[in-house]
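Working notes, beginning with the structure itself.
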Amino acid sequence: MSGCVARYLRYLVIPVFINSGAGAHTSPAAVGGDSLTLNVSVKPGWNVLSLPVDAGRALKDSLFPTSVSSAFLFGDDYRAADTLENGYGFWLKFASGATISVPGIAVFDDTIAVRAGWNLIGGISTDVAINKIQSVPPGIVASNYFSFSPDSGYRHSDTLRPGLGYWVKAGRAGSLVLRSLDVPCPGVSVVNYGGVTYHSVQVAGQCWLRENLNVGEQTQPGLQQTDNDTIEKYCFIDETVNCTKFGGLYQWNEAMQYVTAPGGRGICPPGWHIPTLGELRGLDTTVAGNGNQLKALRQGVGDGEGTNTTGFSALLRGYRHLDGSFSIFGYQTYFWTSTEQTPAIASSLYLFYNYSDLYFYNIDKGYGFSVRCLKD
């Protein structure tokens with residue numbers, strides 16, 4: 001890298017980081033195994049980027065052919081690089097804005113070595129909340145995380161986004177551990193069913209759909225769902241947008257498609273089924289009774305606030321009562337199991353907004369509850 005360019009980047013582009021330390025990277029600890037392509041948006045001028053996927057021999061000219069500069073990494077000083085690696089942030093200049101598609105293998109778990117001082121790091125293939133990043137040893141992070149945009153400059157970031165680079169200061173040498181909360185199942189990261197795209201998530205060896213099922217035609221909340229040729233669903237407070245955002249609500253018989261055998265497919269996609277009581281109790285065992293690990297972030301309050309450490313992403317979206325009314329949104333949710341107790345009663349999983357516990361209830365099949373599907 002020429003002395004002229006180095007001085008330009010050091011003093012004009014990022015003067016706040018003069019005399020800073022450098023970051024180094026270890027190989028990704030785990031990858032998802034699925035090939036995917038992620039988009040990186042760039043703006044005119046200098047951008048701070050990173051690799052959003054494991055791109056193998058990641059040549060800058062191949063991955064970012066429209067860039068008008070070398071890629072500059074930061075160590076004791078800036079250096080130009082033709083080959084990029086996961087975990088490093090780098091500067092690239094573009095003449096115009098663009099959305100660039102970067103193909104590769106998903107990275108869901110990475111460990112990045114950092115040195116004392118400022119480090120320019122990258123993320124992984126999914127968002128990582130800053131408060132979920134672990135450091136080894138603990139407590140070495142000595143600054144906020146900073147992203148950079150050529151039109152707005154530096155900003156504090158609460159989340160590391162795929163494809164962007166970030167500055168962070170370490171008080172001493174160590175490493176940062178990035179893990180995704182939403183690791184999809186190998187070979188089946190998405191499922192297209194009934195005109196809706198669902199995402200899979202691995203939880204302790206089980207493969208779940210991350211979203212509540214939303215299949216069928218909307219029916220009035222005061223009517224019973226019936227055994228006919230049409231899958232019927234209720235939408236919370238009878239508004240279609242709530243089915244789109246949070247999934248449909250189903251009476252047990254409709255969800256099971258009038259079959260009572262535990263583990264039946266019901267209204268799930270081919271190759272998936274409504275979980276049995278035992279399979280949902282497996283989730284309880286995985287989280288040691290802490291239902292907050294199943295709730296999406298910011299679902300619930302106080303002792304019941306979701307941490308989503310499993311990636312299950314449960315939403316407190318309410319349910320339909322026997323009389324056709326609806327419970328208060330944001331307070332609770334029920335999921336049906338495929339386990340019948342009596343001709344009128346089936347088992348369900350219940351999560352509440354200000355308690356961390358999981359509850360299992362045997363309850364009237366006429367309620368309208370959410371459905372999550374489990375891979376066969």
Side-chain angles (χ1 to χ4, degrees), residues 1 4-23 25 36-53 55 58 60-75 77-82 84-104 107 110 112 114 117-133 141-170 176 178 180 297:
M1 179 177 182
C4 179
V5 175
R7 286 193 296 274
Y8 172 74
L9 285 171
R10 179 182 286 270
Y11 294 110
L12 295 184
V13 179
I14 51 168
V16 69
F17 299 115
I18 293 174
N19 299 324
S20 61
H25 176 251
L36 79 165
T37 298
L38 293 180
N39 293 328
V40 178
S41 295
V42 299
K43 297 180 179 181
W46 288 99
N47 294 255
V48 181
L49 307 176
S50 66
L51 291 179
V53 295
K60 188 274 296 185
D61 288 342
S62 297
L63 296 177
F64 300 97
T66 59
S67 64
V68 294
S69 74
S70 297
F72 293 109
L73 284 72
F74 187 74
D77 208 333
Y78 284 102
R79 64 180 178 86
D82 296 324
L84 309 173
E85 297 181 28
N86 292 91
Y88 285 113
F90 50 85
W91 290 87
L92 269 182
K93 188 176 183 180
F94 294 85
S96 60
T99 298
I100 300 171
S101 297
V102 182
V107 178
D110 205 358
I112 303 169
V114 294
W118 289 100
N119 298 265
L120 183 53
I121 68 167
I124 55 177
S125 299
T126 61
D127 291 353
V128 179
I130 297 302
N131 61 6
K132 298 302 179 183
I133 298 175
V141 175
S143 74
N144 291 307
Y145 290 77
F146 295 91
S147 62
F148 178 82
S149 172
D151 56 7
S152 59
Y154 291 98
R155 290 187 176 182
H156 297 174
S157 298
D158 60 6
T159 303
L160 302 191
R161 309 287 186 188
L164 298 183
Y166 297 87
W167 289 97
V168 63
K169 188 175 185 181
L176 302 178
L178 280 57
S180 173
L297 294 174

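Below, each value reflects all heavy atoms present in this structure, side chains not excepted, and no hydrogens, waters or symmetry copies.
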Aromatic contact between F148 and W46, with the criterion being ring centroids under 6.0 Å apart: yes or no?
no
Going by heavy atoms in the side chains, are N47 and F64 under 4.5 Å from each other?
no
Check whether any side-chain heavy atom of L51 sits under 4.5 Å from a side-chain heavy atom of V107, and report yes or no.
no
Look only at the side chain of S50 and the backbone of G89, and say whether a donor-acceptor pair between them is shorter than 3.5 Å.
no
Testing the basics here: between L178 and G123, what is the closest heavy-atom pair and its distance to 0.1 Å?
CD2-CA, 3.9 Å
Heavy-atom distance under 4.5 Å between the side chains of L160 and I130, does that happen here?
yes
Where P44 and A95 come nearest, the two heavy atoms and their spacing:
CB-O, 3.8 Å
Nearest heavy atoms of D110 and I124, plus distance in Å:
CB-CG2, 3.7 Å
For residues V141 and L176, determine if any side-chain heavy atom of one lies less than 4.5 Å from a side-chain heavy atom of the other.
yes
Qualifying salt bridge (charged side-chain N to carboxylate O under 4.0 Å, His left out) pairs, either residue in residues 148-168, two or more places apart:
K43-D151, D127-R161
Single hit among V168, V128, I121 for side-chain contact (heavy atoms from CB on, under 4.5 Å) with I133
V128
Classify the ring geometry between W167 and F74 as parallel (under 30°), tilted (30 to 60°) or perpendicular (over 60°).
perpendicular
Do K60 side-chain atoms and S69 backbone N/O form a donor-acceptor pair below 3.5 Å?
yes
Correct closest heavy-atom pair for S147 and Y166 would be CB-CE2, 3.6 Å
Near-ring test H156/F146, centroid separation under 6.0 angstrom:
yes
Just by distance, do the side chain of S67 and the backbone of F94 share a donor-acceptor pair under 3.5 Å?
no
Restricting to non-hydrogen atoms, name the atom on V53 and the atom on N86 that form the minimum distance, rounded to 0.1 Å.
O-ND2, 2.8 Å
Do you know which two heavy atoms are closest between V42 and S96, and how far apart they sit?
CG2-O, 4.4 Å
Should we say atom CG of N39 is surrounded by more than 12 heavy atoms from elsewhere, each under 6.0 Å from it?
yes
Candidate list L49, L84, T37, L63, test side-chain contact (heavy atoms from CB on, under 4.5 Å), partner V102, passing option:
L63
